Undergrad: 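My structure is below; once you've seen it, I'll send some questions.
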Amino acid sequence: MAAASGDGRRPALRRGARDRVRDAHTARVWTPLDYPSGESYCDAEFAVSRAEAYRLLDVARTLAAMHDAVAAAPTRLARETASRPPRPRSTTASPSAP
């Protein structure tokens with residue numbers, strides 16, 4: 001596990017905190033919970049700074065985009081190869097280099 005940041009905050013448990021920060025940001029949960037800002041909510045609930053919360057949010061978004069791209073790859077690949085004519089096979093040997 002990573003060491004605590006220089007300001008004395010304990011390190012967030014990456015996966016759990018990442019997902020909770022993402023969900024909290026999406027739902028803007030600090031408003032109905034009467035926190036003045038997302039920053040104060042993250043500080044109180046996760047003991048992470050605003051910068052760390054945004055880093056976790058960026059990681060969550062990047063991983064979601066990667067997951068979506070990987071999940072779509074077999075479908076996209078099948079569609080692209082189905083619409084492409086087959087490559088002609090070469091029947092002659094390639095010339096050898098001098």
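None of these values were measured; they are calculated from a predicted model.
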Undergrad: To the closest 0.5 Å, what do you measure between OG1 (T26) and CZ (R61)?
TA: 7.0 Å
Undergrad: Side-chain heavy atoms under 4.5 angstrom apart, residues restricted to Ile, Leu, Val, Met, Phe, Trp, Tyr: same cluster for V48 and L63?
TA: no
Undergrad: State, with a plain yes or no, whether a side-chain heavy atom of Y35 is found less than 4.5 Å away from one of E45.
TA: yes
Undergrad: Which atom pair, heavy atoms only, marks the closest approach of R20 to F46?
TA: NE-CE2, 3.2 Å
Undergrad: To the nearest 0.5 Å, tell me how far S49 OG sits from Y54 OH.
TA: 11.5 Å
Undergrad: A side-chain contact here means heavy atoms from C-beta on lying under 4.5 Å apart; do R55 and R18 qualify?
TA: no
Undergrad: Might you point out which heavy atoms bring S37 and W30 nearest each other, and give the distance in Å?
TA: C-CD1, 3.6 Å
Undergrad: Quick test of your reading of the model: are R22 and D19 salt-bridged, counting only N-O distances below 4.0 Å?
TA: yes
